[in-house]
Novice: 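Structure provided below as structure tokens; questions to follow.
Numbers for residues simply follow the sequence, beginning at 1.
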Amino acid sequence: MADRFAIDSHKLMYHPQRVAQWVEAGDDWEKAKAVYPIYVELSPAGACNHRCTFCAVDYIGYKIRTLDADVLRDRLAEMGSLGVKSVMYAGEGEPLLHPRIIDLTRYAREAGIDVAFTTNAVALTEKFIDGALAHTSWIKASVNGGTPETYAQVHQTSAKDFERVIRNLSRAVEHRGRNRLSCTLGAQTLLLPETADDVIPLIRICRDQIGLDYLVVKPYSQHHYSLTRQYDGIDYSRYLQLYEEMRSWNTPSFHVVFRLNTMTKTLRVDRGYETCHATPFFWAYVMANGDVYGCSAYLEDQRFCYGNLNDSTFQEIWEGEKRRQSFHHVREELDINECRKNCRMDEVNRYLSRIAKPVAHVNFI
């Protein structure tokens with residue numbers, strides 16, 4: 001099944017200079033502190049207009065707070081100069097609820113940073129499409145259900161939002177075509193007991209009604225801090241046969257990314273590595289209050305919080321004492337059995353672990 005954007009894998013191999021810098025740093029903090037993230041997830045807004053049954057960050061409480069747009073403009077310019085390549089606006093809230101989200105999109109592009117969104121797309125307005133789509137690399141809409149009834153049940157919202165999302169995404173596709181923009185437009189859905197029968201209808205809507213580029217079908221991953229536990233321990237072995245059924249829906253312009261690799265890994269006990277090498281290096285997370293973290297699985301855990309963008313520059317935070325402490329904690333103390341299974345950096349960690357502990361005879365390529 002096509003996965004032209006390597007969604008079920010990773011893309012760190014396209015950044016050999018940064019990986020070489022990480023290898024050179026080793027255990028030396030003075031070198032390691034200058035290894036900046038390639039990718040940063042920013043949460044522009046803490047509030048959310050949905051209360052999805054699977055929400056990993058329900059424990060944070062959907063607080064009504066937003067990143068300061070003027071402060072972030074300066075920080076984004078700084079991030080770009082320090083080597084940050086991409087930002088994804090998503091986070092513990094709905095990013096499109098930020099009143100200046102169009103400005104934030106433009107600020108990142110002005111800094112030379114690629115911009116993306118993960119959103120429920122209810123607030124994907126014409127104003128946003130007109131002002132931000134030209135500056136955006138991709139938008140991925142979270143659509144969990146192929147009917148208004150299932151969607152409303154899982155998103156815990158009005159069934160009317162289902163049709164609103166379809167209209168908004170259709171409008172974005174039309175605007176992209178009319179203006180010959182390059183922004184990739186896709187959707188993702190969690191494979192849950194409630195949504196399993198809705199996947200094929202959702203594929204049909206995404207491909208034939210909206211005209212999206214792809215639909216990702218992904219497994220649930222239990223966050224250790226989440227309040228919700230109703231999907232913990234889903235057995236994905238019974239869903240693997242859907243892979244073959246979905247292949248027939250692929251076309252040259254649309255593909256289903258059935259995350260078979262990730263689902264298969266949920267059935268394994270062994271992660272394949274013993275240390276998290278990605279943290280605190282290749283990615284970062286900024287909460288809606290400005291706190292900078294090295295891992296989104298540990299939000300509000302001070303062992304992974306390095307500082308706040310409202311109080312310090314990004315360089316001061318990234319090269320500061322709290323990140324130094326986290327650097328040593330991850331390398332020397334962290335038990336990755338405490339970590340979220342199939343976390344965002346899982347494939348990156350598998351790649352880096354092979355570099356950190358190479359097989360014999362590596363020169364015989």
Novice: Just by modelled atom types, is the Phe282 backbone N or O under 3.5 Å from a matching donor or acceptor in the Arg18 side chain?
Specialist: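 Side chain of Arg18 to backbone of Phe282, a donor-acceptor pair under 3.5 Å: no, none is there.
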
Novice: Going only through I, L, V, M, F, W and Y residues with side-chain contacts under 4.5 Å, is there a path from Leu96 to Phe162?
Specialist: yes

Novice: Which heavy atom of Ala47 sits nearest a heavy atom of Leu97, and at what distance?
Specialist: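 Nearest pair, atom of Ala47 first, then Leu97: O-CD1, 3.7 Å.
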
Novice: For Glu149 and Gln153, run side chain to side chain donor-acceptor pair (under 3.5 Å): C-alpha distance rounded to whole Å, both residues' side-chain angles, the deciding distance at 0.1 Å, then the answer.
Specialist: CA-CA 6 Å; Glu149 294 75 22; Gln153 177 189 355; over 6 Å; no

Novice: Please report the closest heavy-atom contact between Leu334 and Cys339, naming both atoms and the distance.
Specialist: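 Where Leu334 meets Cys339 most closely, the heavy atoms are CD2-SG, 4.1 Å.
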
Novice: Taking salt bridge (Lys or Arg N to Asp or Glu O under 4.0 Å) as the definition, give me every residue that meets it alongside Arg178, ordered by chain and number, with sequence neighbours left out.
Specialist: Glu174

Novice: Checking Tyr236 side chain against Leu191 main chain: does a donor-acceptor pair fall under 3.5 Å?
Specialist: yes

Novice: What heavy-atom pair brings Gly46 and Ala288 nearest, and what distance separates the two atoms?
Specialist: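 That would be N-CB, 3.4 Å.
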
Novice: Do side-chain atoms of Asp161 reach the backbone of Val122 as a donor and acceptor pair under 3.5 angstrom?
Specialist: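 Not at all, since once roles are kept as given, no pair shorter than 3.5 Å links the two residues.
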
Novice: So, Glu338 and Arg271, do they make that salt bridge, N to O below 4.0 Å?
Specialist: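 Looking at Arg271 together with Glu338, the answer is no, because their closest N to O distance does not fall below 4.0 Å.
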
Novice: How many angstroms lie between OH in Tyr351 and OG in Ser9, if you round to the nearest 0.5 Å?
Specialist: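 Tyr351 OH to Ser9 OG: 10.5 Å, rounded to 0.5 Å.
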
Novice: May I ask you to decide if Ala297's main-chain N or O and Arg340's side chain share a donor-acceptor pair within less than 3.5 Å?
Specialist: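 Such a contact is absent between Arg340 side chain and Ala297 backbone.
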
Novice: For the pair Asp103 and Arg106, find out whether any cationic side-chain nitrogen is under 4.0 Å from an anionic carboxylate oxygen.
Specialist: yes

Novice: Test of understanding: with salt bridge (Lys or Arg N to Asp or Glu O under 4.0 Å), list the residues that count as partners of Asp70, not counting sequence neighbours.
Specialist: Arg100

Novice: Please state whether the rings of His277 and Trp22 are parallel, tilted or perpendicular, taking 30° and 60° as the class boundaries.
Specialist: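 If you compare the ring of His277 with that of Trp22, the planes turn out perpendicular.
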
Novice: For residues 32-40, run the donor-acceptor check on the side chains, cut-off 3.5 Å, and write out each pair with its distance to 0.1 Å, sequence neighbours left out.
Specialist:
from	atom 1	to	atom 2	distance (Å)
Lys33	NZ	Glu30	OE1	3.1
Tyr36	OH	Glu319	OE2	2.8

Novice: Kindly determine whether Asp58 and Thr228 satisfy side chain to side chain donor-acceptor pair (under 3.5 Å), including the steps that lead there.
Specialist: CA-CA 8 Å; Asp58 54 1; Thr228 179; 5.0 Å; no

Novice: Is there a side chain to side chain donor-acceptor pair (under 3.5 Å) between Gln241 and Tyr243 once you walk through the steps?
Specialist: CA-CA 5 Å; Gln241 76 279 0; Tyr243 174 81; over 6 Å; no

Novice: Could you pull out the closest heavy-atom pair between Ala111 and Ala77, with the gap in Å?
Specialist: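 Closest approach of Ala111 to Ala77, heavy atoms only: CB-CA, 3.7 Å.
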
Novice: Before giving the answer on side-chain contact (heavy atoms from CB on, under 4.5 Å), spell out for Thr53 and His155 the whole-Å C-alpha distance, their side-chain angles and the decisive distance to 0.1 Å.
Specialist: CA-CA 6 Å; Thr53 56; His155 284 254; over 6 Å; no

Novice: Run the side-chain contact (heavy atoms from CB on, under 4.5 Å) check on Thr189 and Val216 step by step: do they pass?
Specialist: CA-CA 6 Å; Thr189 190; Val216 178; over 6 Å; no

Novice: Grab the two heavy atoms, one from Ala187 and one from Leu212, that are nearest each other, plus how far apart they are.
Specialist: CB-CD1, 3.8 Å

Novice: Run His328 and Arg324 through side-chain contact (heavy atoms from CB on, under 4.5 Å) and show every step you take.
Specialist: CA-CA 7 Å; His328 288 293; Arg324 185 194 69 79; 3.5 Å; yes

Novice: Let me confirm one number: the OG-CG distance from Ser81 to Leu76, rounded to the nearest 0.5 Å.
Specialist: 11.0 Å

Novice: Between Arg259 and Asp3, does any NZ, NE, NH1 or NH2 come within less than 4.0 Å of an OD or OE carboxylate oxygen?
Specialist: no

Novice: Just by distance, do the side chain of Lys265 and the backbone of Asn342 share a donor-acceptor pair under 3.5 Å?
Specialist: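 Flag not set: sc Lys265 to bb Asn342 has no pair under 3.5 Å.
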
Novice: Using modelled atom types and a 3.5 Å cut-off, is there a donor and acceptor pairing between side-chain atoms of Asp213 and backbone atoms of Gly186?
Specialist: no

Novice: Holding to salt bridge (Lys or Arg N to Asp or Glu O under 4.0 Å), I want the full list of residues that pass it with Asp27, two or more places apart in sequence or in another chain.
Specialist: Arg331

Novice: For Glu24, check salt bridge (Lys or Arg N to Asp or Glu O under 4.0 Å) against everything at least two apart and list the hits.
Specialist: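 In terms of salt bridge (Lys or Arg N to Asp or Glu O under 4.0 Å), with neighbours along the sequence ignored, Glu24 is linked to Lys31.
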
Novice: What pair of heavy atoms forms the shortest contact from Thr184 to Tyr214, and how long is it?
Specialist: CG2-CE2, 3.7 Å

Novice: According to ring-ring contact (aromatic ring centres under 6.0 Å, His included), who are the partners of Phe54, at least two apart in sequence or on a separate chain?
Specialist: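 Phe54: no ring-ring contact (aromatic ring centres under 6.0 Å, His included) contacts found.
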
Novice: So, using ring-ring contact (aromatic ring centres under 6.0 Å, His included) as the criterion, who are the partners of His329 when residues are at least two apart?
Specialist: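 Checked His329 against ring-ring contact (aromatic ring centres under 6.0 Å, His included); matches are Phe304.
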
Novice: Taking ring-ring contact (aromatic ring centres under 6.0 Å, His included) as the test, write out the residues that go with Tyr59, two or more places apart.
Specialist: His223, Tyr225

Novice: Using a 3.5 Å distance criterion without hydrogens, assess whether the side chain of Thr195 forms a donor-acceptor pair with backbone atoms of Leu192.
Specialist: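 Yes; at least one donor-acceptor contact below 3.5 Å.
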
Novice: Quick test of your reading: applying side-chain hydrogen bond (donor to acceptor under 3.5 Å, both in side chains), list the pairs with at least one residue in residues 83-96, sequence neighbours left out, ordered by first then second residue.
Specialist: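 Of all non-adjacent pairs touching residues 83-96, those that pass side-chain hydrogen bond (donor to acceptor under 3.5 Å, both in side chains) are Ser43-Glu92, Glu92-Tyr285, Glu94-Thr119, Glu94-Asn120.
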
Novice: Count the heavy atoms of every other residue, nucleotide or ligand shown that sit under 6.0 Å from CG of Leu240, and state whether that count exceeds 12.
Specialist: yes

Novice: Does Glu163 reach the main-chain N or O of Lys160 with its side chain, forming a donor-acceptor pair under 3.5 Å?
Specialist: no

Novice: Among all residues two or more places apart in sequence or in another chain, which pass the side chain to side chain contact (heavy atoms under 4.5 Å, CB included) test with Glu274?
Specialist: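 Here the qualifying residues are Lys357.
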
Novice: Rounded to the nearest 0.5 Å, how far does NE2 of His224 lie from NZ of Lys341?
Specialist: 10.0 Å

Novice: Would you mind writing out the side-chain donor-acceptor pairs for residues 133-142 within the sub-3.5 Å range, not counting sequence neighbours?
Specialist:
from	atom 1	to	atom 2	distance (Å)
Thr136	OG1	Ala132	O	2.8
Ser142	OG	Asn144	ND2	2.9

Novice: Is the shortest heavy-atom distance from the side chain of Cys305 to the side chain of Tyr298 under 4.5 Å?
Specialist: no

Novice: Could you tell me whether Tyr293 and Tyr306 have their ring centroids closer than 6.0 angstrom?
Specialist: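 Here the rings of Tyr306 and Tyr293 have centres that are no less than 6.0 Å from each other.
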
Novice: Given the rule in the side chain to side chain donor-acceptor pair (under 3.5 Å) test, do Asp346 and Tyr273 qualify, once you have shown the distances and angles that lead to the verdict?
Specialist: CA-CA 9 Å; Asp346 181 69; Tyr273 54 91; 2.7 Å; yes

Novice: Check whether any side-chain N or O of Asn310 sits under 3.5 Å from a backbone N or O of Asp68 as a donor-acceptor pair, and report yes or no.
Specialist: no

Novice: So, using side chain to side chain donor-acceptor pair (under 3.5 Å) as the criterion, who are the partners of Gln302 when residues are at least two apart?
Specialist: Lys322

Novice: Decide whether Glu321 and Gln325 meet the rule of one side-chain donor and one side-chain acceptor closer than 3.5 Å.
Specialist: yes

Novice: So with a 6.0 Å cut-off around CZ of Arg4, is the heavy-atom count from everything else above 12?
Specialist: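 Atom CZ in Arg4 is crowded, with more than 12 foreign heavy atoms closer than 6.0 Å.
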
Novice: Spell out, as yes or no, whether a donor-acceptor pair under 3.5 Å connects the side chain of Thr150 to the backbone of Thr147.
Specialist: no

Novice: Nearest 0.5 Å, what's the CG-OG1 distance between Asp8 and Thr262?
Specialist: 3.5 Å

Novice: Take atom CG of Asp197 as the centre, draw a 6.0 Å sphere, and report whether it contains more than 12 heavy atoms from other residues, nucleotides or ligands.
Specialist: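 Counting neighbours around CG of Asp197, 12 or fewer heavy atoms of other residues, nucleotides or ligands fall under 6.0 Å, so no.
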
Novice: Check whether any side-chain heavy atom of Val257 sits under 4.5 Å from a side-chain heavy atom of His255, and report yes or no.
Specialist: yes

